[in-house]
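Here is the naming used below: chain letters follow the sequence lines, and residue numbers restart at 1 for every chain.
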2 protein chains.
Amino acid sequence: MALKIEMLRAFCTVAQTGNLSEAANRLGRTQSAVSMTLKQMEDHLGKRLFEGERKNQLSPLGEQVFELAQKQVRQFDQTLQSIEMAAEAAHGLLRIVSVPSVAALVFPSVLEHMTARHPGLKVELRDTDTQQVLDALAEGKADIGIASGHHPLNGVKAVPLFEDRFGLVCSTDHPLFTREQPPAIADVINACFVRNALCDLIRNERFVEASSTADVTIHNTHSLITMVRTGKWVTVLPQTVARFMPETTAFRPIADLPDKRAVYLYQRERSRFAALTEECCAFIQSCDLSGEPG
Amino acid sequence: MALKIEMLRAFCTVAQTGNLSEAANRLGRTQSAVSMTLKQMEDHLGKRLFEGERKNQLSPLGEQVFELAQKQVRQFDQTLQSIEMAAEAAHGLLRIVSVPSVAALVFPSVLEHMTARHPGLKVELRDTDTQQVLDALAEGKADIGIASGHHPLNGVKAVPLFEDRFGLVCSTDHPLFTREQPPAIADVINACFVRNALCDLIRNERFVEASSTADVTIHNTHSLITMVRTGKWVTVLPQTVARFMPETTAFRPIADLPDKRAVYLYQRERSRFAALTEECCAFIQSCDLSGEPG
DNA sequence: GGCCATGCTTCAATTTTTCTGAAGTTGCTT
DNA sequence: AAGCAACTTCAGAAAAATTGAAGCATGGCC
């Protein structure tokens with residue numbers, strides 16, 4: 001018999017638990033049902049997916065299949081959720097995806113503004129990296145996206161939203177912040193510098209070259225904050241992101257790093273509830289999002 | 001009952017054909033089976049997916065669901081194919097994804113080299129845009145990727161493969177090619193200039209600004225070739241891409257556009273058949289891919 | 001209007017698929 | 001060697017999918 005999504009799901013659960021009865025439990029089936037499903041799958045592929053007598057050791061093929069199957073199952077579930085959400089939303093549905101830094105800035109007021117004006121409106125907000133924001137738009141999983149940089153996409157309108165200067169982020173008592181003279185790229189890199197994902201948006205040659213020697217890279221924002229709070233480590237971030245750092249951290253422009261990140265608003269052109277999308281985009285653009293006060 | 005992948009598939013087929021019996025035909029079922037499946041789906045969602053008596057007009061919700069469902073079905077089928085391919089490949093499997101321009105350059109010799117050395121080896125070659133190359137790597141659907149630019153990815157090693165200077169591509173009898181003095185950006189843009197997807201890789205400010213005024217953009221390579229062959233239109237491409245244009249077209253560097261595109265080789269770190277992947281990457285790197293002769 | 005064709009739905013019967021509970025292996029532990 | 005835990009196998013039961021026949025609208029045509 002052909003492979004089915006439920007077979008993949010069963011396989012993934014067993015691969016994760018390493019144990020049939022626990023997997024059967026989670027799937028709400030009996031052990032024997034799961035056993036037979038797995039057997040069907042192995043028969044279909046003509047190869048074993050597990051090694052040894054027990055189910056706690058994947059074969060090399062199993063490993064590979066697990067990786068593919070898990071992604072597929074997750075995506076399938078997400079699609080179903082999207083479909084069901086779309087069906088439930090009788091009074092309108094807005095699906096907004098944004099990079100985390102702007103999400104924190106924009107989501108609260110958007111949510112308030114739109115729900116107040118449209119009772120019964122469903123809103124779906126999600127934050128991920130630029131990459132996945134663009135994916136979601138391309139795949140029709142979002143109506144509005146906010147991401148760094150300008151990326152032309154079919155059927156999606158892109159407008160610049162705001163710009164955001166990069167600068168030094170460090171503890172308020174760090175020498176590079178307290179001293180009078182503004183810091184330069186070299187000063188920052190020579191301090192205990194932590195690279196982060198947003199640094200990759202900087203095109204400035206001098207910075208790119210200098211930062212490539214950095215030993216530490218942290219992608220998780222929370223860990224990054226923790227590092228900077230120790231007072232020893234410093235990093236480079238756009239100003240609006242720095243806003244969300246705790247009181248004891250400070251932002252300061254870097255003299256020879258005038259680079260800004262350009263944040264774009266993406267708007268799906270042919271969506272159901274196009275009027276809502278339009279209204280929401282207009283509202284987002286009307287917000288003052290610039291990093292610099294005034 | 002819950003939504004299943006076969007329901008989505010049935011729905012998509014009906015949405016495409018606009019007609020039950022034709023859809024039933026394609027699905028290898030009877031009309032009534034498809035009708036009932038659709039009914040289940042509508043019952044589950046609590047909304048109609050089609051408007052009117054016939055199945056030839058999607059409702060707004062139907063449109064949205066169609067978009068999501070079709071993507072899902074396609075992806076599911078592709079995953080199954082990947083899984084089955086992985087299972088069949090007893091003697092090894094290499095999955096290579098590349099941007100089209102480099103694919104044409106690299107695939108033939110890679111294929112020859114690897115299959116000669118490894119009888120029974122399965123090789124999967126695919127070409128798409130940079131975006132999807134990276135996706136395939138991230139999702140474990142490819143072992144080796146070739147794409148423009150450096151994009152850090154978890155579990156994937158990236159090494160520069162070669163650089164490729166951008167230049168004017170036009171008919172061999174175009175004034176900008178036949179005249180002695182090399183063309184400048186302004187000359188190119190002021191000719192009948194056709195933008196293309198690869199132009200977006202150029203960071204050069206002067207070019208970016210100038211090209212934004214271009215009226216025509218063509219993404220399909222074949223159409224692009226046709227336009228250039230007319231002798232009237234010109235475009236800008238990396239030199240290795242220009243190699244594959246017909247005899248009657250020529251490549252010429254642009255004086256004030258020294259930009260190159262950097263092509264990177266991406267190698268998945270933990271893959272089954274890691275030794276094969278390693279060997280293949282070594283071979284690709286050993287190829288002479290530079291655009292300039294000598 | 002009456003007749004017919006088309007496209008779809010509904011229904012009861014049938015086939016296919018999936019699931020279960022019980023019994024049977026296997027290999028490890030004591 | 002008895003006990004146990006993890007898994008497989010089996011036959012019957014339950015659930016789901018599919019079918020063919022019958023039925024119901026709609027719209028064209030004489």
I need the [atom1]-[atom2] distance between [X] and [N], as an integer number of Å.
X     : N      : atom1 : atom2 : result
A/L20 : C/dG21 : CG    : C1'   : 16 Å
A/E42 : D/dC7  : CD    : P     : 12 Å
A/I5  : D/dA16 : CD1   : C1'   : 18 Å
B/R9  : D/dT18 : CZ    : P     : 12 Å
B/L27 : D/dT19 : CG    : P     : 10 Å

Heavy atom of residues 44-65 of chain A under 4.0 Å from DNA chain D: which residues?
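Within residues 44-65 of chain A, the residues near DNA chain D are A/E53, A/R54, A/K55.
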Within a 6.0 Å radius of atom CZ on A/R48, are there more than 12 heavy atoms belonging to other residues, nucleotides or ligands?
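Yes, because the 6.0 Å sphere around CZ of A/R48 holds more than 12 heavy atoms from other groups.
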Give me the distances for all protein-to-nucleotides 15-19 of chain C N/O pairs that come in under 3.5 Å?
{"unit_1": "C/dT18", "atom_1": "OP1", "unit_2": "A/K4", "atom_2": "NZ", "d": "3.0"}
{"unit_1": "C/dC19", "atom_1": "OP1", "unit_2": "A/R29", "atom_2": "NH1", "d": "3.0"}

Residue that, paired with A/V110, satisfies side-chain contact (heavy atoms from CB on, under 4.5 Å) out of A/E112, A/M114, A/H113:
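With A/V110 as partner, side-chain contact (heavy atoms from CB on, under 4.5 Å) holds for just one option, A/M114.
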If the test is side-chain contact (heavy atoms from CB on, under 4.5 Å), which one of B/L49, B/L38, B/N19 qualifies with B/K55?
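When B/L49, B/L38, B/N19 are each tested with B/K55, the side-chain contact (heavy atoms from CB on, under 4.5 Å) holds only for B/L38.
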Applying side-chain hydrogen bond (donor to acceptor under 3.5 Å, both in side chains), run through B/T17 and B/E22 and close with a yes or a no.
CA-CA 7 Å; B/T17 61; B/E22 172 58 20; over 6 Å; no
Quick check: A/F50 with A/F11 (ring centres under 6.0 Å apart)?
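That pair passes the under 6.0 Å test.
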Going by the angle between their ring planes, with limits at 30° and 60°, are B/H150 and B/Y264 parallel, tilted or perpendicular?
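Geometry flag for B/Y264 against B/H150: tilted rings.
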Please determine, for the side chain of A/Q31, which listed nucleotide (D/dA6, C/dC8, D/dT9) has the closest atom?
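Closest nucleotide to the A/Q31 side chain: D/dA6.
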Name the closest nucleotide to the A/N19 side chain, picking from D/dA6, C/dT10, C/dC8.
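Shortest atom-to-atom distance from the side chain points to D/dA6.
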On the nucleotide D/dC7, are OP1 or OP2 found under 4.0 Å from the side-chain N or O atoms that A/S35 carries?
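Negative; the distance criterion is not met.
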Do A/R95 and A/M85 come within less than 4.5 Å of each other through their side chains, counting heavy atoms only?
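Contact flag for A/R95/A/M85 side chains = no.
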For B/Q131 and A/H151, test the side chains for any donor-to-acceptor distance below 3.5 angstrom and give the result as yes or no.
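On atom types as modelled, these side chains do not qualify, holding no pair under 3.5 Å.
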For B/V97 and B/Q132, run side chain to side chain contact (heavy atoms under 4.5 Å, CB included): C-alpha distance rounded to whole Å, both residues' side-chain angles, the deciding distance at 0.1 Å, then the answer.
CA-CA 9 Å; B/V97 190; B/Q132 296 200 54; over 6 Å; no
